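What you see is a predicted model; the values in this text were computed from it and never measured. Chain naming here is simple, since letters A, B, ... match the order of the sequence lines and numbering starts at 1 in each.
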Amino acid sequence: MIFLSASCKITNSMSSNVRVRFAPSPTGYLHVGGARTALFNWLYARHTGGTFILRIEDTDKARNTAEATQAIYDGLKWLGLDWDEGPFKGGDCGPYFQSEREEIYLRHFNQLKAAGHLYEDGGAWRFRSPREVVVLDDLVCGHIEFDLTNPETHPDITIRRPDGGWIFHFVNVVDDIEMKMTHVIRGEDHLSNTPKHLELYKALGATPPRFAHIPLILNRDGSKMSKRDQGAAVGGYIEQGYAPEAVVNYLCLLGWSPKDNREILDLNEIIALFDLPHINRRAASYDLDKCHWMNAQYLLRMSLERFTELSLPFIEKTGIQYGSEAALKAVLAIVQEKTKQLNEVPDRIRFFFTEAFEFEAEAVEKAFKVPGALEKLTALANRYEASEPWTAESIEATLKATAAELGWKNKELIHPTRIAVSGRAVGPSLYHMMEVLGKERTIARMRSAVARFA
RNA sequence: GACCCUAUCGUCCAGCGGUUAGGACACCGCCCUUUCACGGCGGUGACACGGGUUCGAAUCCCGUUAGGGUCGCCA
């Protein structure tokens, strides 16, 4: 209790006293494993009405980069994991960068030193282990006993470098004490470090938080996921056009489940159901295929407004002149159900907004180079001149009536028309595509194709 | 090597002493259909192995094997 620092008075505005944190070190990109750790902490905070804190562990000056710090902010923001205390937010337990907490560490260091827990070794400072059996009751992994009595197998940890720099184990524990963390939810790679941390809590006279070590995320082949692996960096999902809600949903299901076989879940429902004991203990492999499927499901089901909002950055990057937002939405509405990743959108909509669209050679070959195809196209275009109104229903009716009258098969008209109008063999529903394109442009494209491929 | 964690279809998750071992992704058929998707129906496919405990074990215990993690003056 002598350590209840005056600098950290918790404003009790939250409805529970749960305090959790995500404490990344800004040395690379935001990894899906880190994102999942952040997500579980965030979910637990939201579930309990507690506080979610972001703390940047930038004690390693040589490896920290500003880009990596930005990637953390960008990734968390994109995923919607808003923090209650931390950078840009402030809070009563700041600063939230370890590089700015020198006095705090020094104070605890001196305290440990005065109590005889430290000794110097080659200019560095080590913490003298009490050499006991340390018990951990982990919320996920259960009761574990670590025998630290043998210095050969469990050497004393270093807590300060000769240059005065601080080591992770020490600052991590000090900050979790100072920031009043009630629960530490982190990757299982820290499980074996936890007894050392527990010794530190005890030496500092602090009550340790409850620990929950969550299973690691591996590659499909079981190997450890590294930054180079497909799907490892959160930035990749942003660039490739995943919907954040889909990635969040997928990530929730890696190591946790609602236990009733449901998979596509509303975030609010996940928050309501989420709890630590339901996290399983087995390492999970990252299934990019399933994440991809989940994304397609979300894109399919989301509102046109949301789909437009998410598509816009990708469209604007290409410089497609889509005119009005209404015109764009009309096109997106018929393209949405086919879209699996948002980065496909420009390709799917380009031909709506320019007459200079490309024709697929293979499609042209198949549709126009058959005897009579262009004549049929002309015949249909002539019928369409008189066709009113210009709706998908009437467009379809006219096409089928023409085919029936002249003794042709529907598809003998459908395929050439599709290619003439869009330049390609696959695309949105033909009649809706023609409706959106408008009568004049549709007929013009049909006639222009006849002239071009005659 | 020591210590720790883990072990159900290829992958993710159900199962918590009695089930024809269930769902999802992927894959393969069929249906729907103007293309491609979506959707529907069906199929292939798993309790790592060996001992116990029990009337009965995927479920509990032990061992083996395998995978992962930690043992840094990285975090």
Q.
Distance check needed: B:G69 C1' versus A:H190 NE2, whole Å only.
A. 11 Å
Q. Can you tell me how far P in B:C9 sits from the matching atom in B:A14, rounded to whole Å?
A. 13 Å
Q.
In whole Å, measure the gap between the P atoms of B:U64 and B:C4 for me.
A. 13 Å
Q. When you measure from the side chain of A:K400, which nucleotide among B:U34, B:A2, B:U70 comes out closest?
A. B:U34
(Q) Tell me which nucleotide, if any, is Watson-Crick or G-U wobble paired with B:G1 when both distances must be under 3.5 Å. (A) B:C71
Q) Using a cut-off of 4.0 Å on non-hydrogen atoms, how would the nucleic acid contact of A:H154 be classed: base, sugar-phosphate, or nothing? A) nothing
Q) For B:C55, which nucleotide is its Watson-Crick or G-U wobble mate, given both distances must be under 3.5 Å? A) B:G18
Q. Is a donor-acceptor pair below 3.5 Å formed from side chain A:S429 to base B:U35, judging by atom type as modelled?
A. no
Q: Quick one: label A:N410 by what it contacts on the DNA or RNA (base, sugar-phosphate, nothing), any heavy atom closer than 4.0 Å.
A: nothing
Q. Between B:U44 and B:A21, how far is it from one P atom to the other, in whole Å?
A. 14 Å
Q: Could you check whether A:R63 gets within reach of a base, just the sugar-phosphate, or nothing at all, counting any heavy atom under 4.0 Å?
A: base
Q) Between B:A14 and A:S257, is there an OP1 or OP2 to side-chain N/O distance shorter than 4.0 Å? A) yes
Q: Give one of base, sugar-phosphate or nothing for A:A284, where a contact means two heavy atoms less than 4.0 Å apart.
A: sugar-phosphate
Q: Please test A:H47 against A:F40 for ring-ring contact (aromatic ring centres under 6.0 Å, His included), starting from the C-alpha separation and ending with a verdict.
A: CA-CA 10 Å; A:H47 174 77; A:F40 279 19; over 10 Å; no
Q) If you measure from the Lys or Arg side-chain nitrogens to the Asp or Glu carboxylate oxygens, is any gap between A:R306 and A:E245 under 4.0 Å? A) yes
Q. Separation of A:L148 atom CG from B:C3 atom P, in whole Å?
A. 13 Å
(Q) As a test of reading the structure: which of B:U6, B:A75, B:G23 is closest to the side chain of A:K290, going by heavy atoms? (A) B:G23
Q | Side-chain N,O (A:T59) to OP1/OP2 (B:A75) below 4.0 Å | A | yes
Q: Can you tell me, in whole Å, how much space there is between the P of B:G51 and that of B:U11?
A: 26 Å
Q. Is the closest side-chain donor-acceptor distance between A:E57 and A:N172 under 3.5 Å?
A. yes
Q) Where the side chain of A:W293 is defined as all heavy atoms beyond and including C-beta, which of B:G23, B:A26, B:U8 is the nearest nucleotide? A) B:A26
Q: Let me know the distance between CD1 of A:I264 and C1' of B:G23, rounded to the nearest Å.
A: 13 Å
Q. Which is true for A:Q297 with a 4.0 Å heavy-atom rule: it touches a base, it touches only sugar-phosphate, or it touches nothing?
A. sugar-phosphate
Q) Does A:R282 put a side-chain nitrogen or oxygen below 4.0 Å from OP1 or OP2 of B:C5? A) no
Q.
Taking the P atom in each of B:A7 and B:C47, what is the distance between them to the nearest angstrom?
A. 16 Å
Q: Please determine, for the side chain of A:I414, which listed nucleotide (B:G23, B:U34, B:A75) has the closest atom?
A: B:U34
Q) Without hydrogens or angle criteria, can the side chains of A:H213 and A:H190 be said to hold a donor-acceptor pair below 3.5 Å? A) no
Q. Want to settle it: does A:P155 or A:R418 sit nearer the 5' end of RNA chain B, counting the closest nucleotide to each?
A. A:R418
Q) Is A:K196 salt-bridged to A:E199, cutoff N-O under 4.0 Å? A) no
Q: Between B:C36, B:G68, B:A75, spot the one nearest the side chain of A:S25, thanks.
A: B:A75
Q: For A:L380 and B:U34, give me the distance from atom CG to atom P, rounded to whole Å.
A: 15 Å
(Q) Give me the distance, rounded to whole Å, that separates B:A48 from B:U8 when you measure between the C1' atoms they each carry. (A) 10 Å
Q.
Need one value for A:E263: base, sugar-phosphate or nothing, where a base atom within 4.0 Å counts as base even if backbone is also close, heavy atoms only.
A. base
(Q) Tell me whether A:D121 is salt-bridged to A:R126, with the criterion being a basic N under 4.0 Å from an acidic carboxylate O. (A) yes
Q. Atom CG of A:L299 to atom C1' of B:C38: distance rounded to whole Å?
A. 13 Å
Q | Between P of B:C71 and CD1 of A:I167, the distance in whole Å | A | 12 Å
Q: Please work out whether the ring planes of A:Y250 and A:Y286 are parallel, tilted or perpendicular, with thresholds of 30° and 60°.
A: perpendicular
(Q) Roughly how many Å apart are B:A26 and B:G43, using the C1' atom of each and rounding to a whole number? (A) 14 Å
Q. Does a side-chain N or O from A:N261 land closer than 4.0 Å to OP1 or OP2 of B:C12, or not?
A. no
Q: Counting heavy atoms from C-beta on, name the nucleotide in B:C36, B:U34, B:G68 closest to the side chain of A:L216.
A: B:G68
Q | Carboxylate-amine/guanidinium contact A:R441 A:E355, below 4.0 Å | A | yes
Q) Using purine N1 to pyrimidine N3 plus N6-O4 or O6-N4 for Watson-Crick, or N1-O2 and O6-N3 for G-U wobble, both under 3.5 Å, which nucleotide pairs with B:C36? A) none
Q) Is any side-chain N of the basic residue among A:E120 and A:R160 closer than 4.0 Å to the acidic one's carboxylate O? A) no
Q: Please measure how far the C1' atom in B:G68 lies from the corresponding atom in B:U33, and state the result in whole Å.
A: 48 Å
Q | Nearest listed nucleotide, side chain of A:Y431, among B:U34, B:C38, B:C71 | A | B:U34
Q) Base, sugar-phosphate, or nothing for A:G255, non-hydrogen atoms under 4.0 angstrom? A) sugar-phosphate
Q) Which nucleotide, B:C38, B:C13, B:C74, lies nearest any side-chain atom of A:L300? A) B:C38
**Q.** Nucleotide forming a Watson-Crick or wobble pair with B:G29, both distances under 3.5 Å
**A.** B:C41
(Q) Whole angstroms only, please: what is the NE2-P distance between A:H432 and B:C36? (A) 18 Å
Q. Taking OP1 and OP2 of B:C12, is either one under 4.0 Å from a side-chain nitrogen or oxygen of A:S285?
A. yes
Q: Once you apply the 3.5 Å cut-off to both distances, tell me the Watson-Crick or G-U wobble partner of B:G63, or none.
A: B:C49
(Q) For a quick test of reading the model: is some side-chain N or O of A:N172 closer than 4.0 Å to OP1 or OP2 of B:A75? (A) no
Q | Touch class at under 4.0 angstrom, heavy-atom based, for A:N150 against every strand present | A | nothing
Q) So which nucleotide from B:U34, B:C73, B:G15 ends up closest to the side chain of A:K259? A) B:G15
**Q.** Base B:G72 paired with A:T158 side chain (donor-acceptor, <3.5 Å)
**A.** no
Q. Given B:A75, B:C5, B:C25, which nucleotide is nearest the side-chain atoms of A:R281?
A. B:C5
(Q) By the 4.0 Å heavy-atom rule, please label A:K61 as base, sugar-phosphate, or nothing. (A) nothing
Q. Rounded to whole angstrom units, what separation is found between the CZ atom of A:R186 and the P atom of B:C4?
A. 18 Å
**Q.** Of A:K340 and A:H143, the one whose closest RNA chain B nucleotide lies more 5'
**A.** A:H143
Q: Please step through side chain to side chain contact (heavy atoms under 4.5 Å, CB included) for the pair A:L76 and A:F22, ending with a clear verdict.
A: CA-CA 10 Å; A:L76 293 180; A:F22 177 51; 4.1 Å; yes
Q: May I ask which nucleotide in the shown strands pairs with B:A24, Watson-Crick or G-U wobble, both distances under 3.5 Å?
A: B:U11
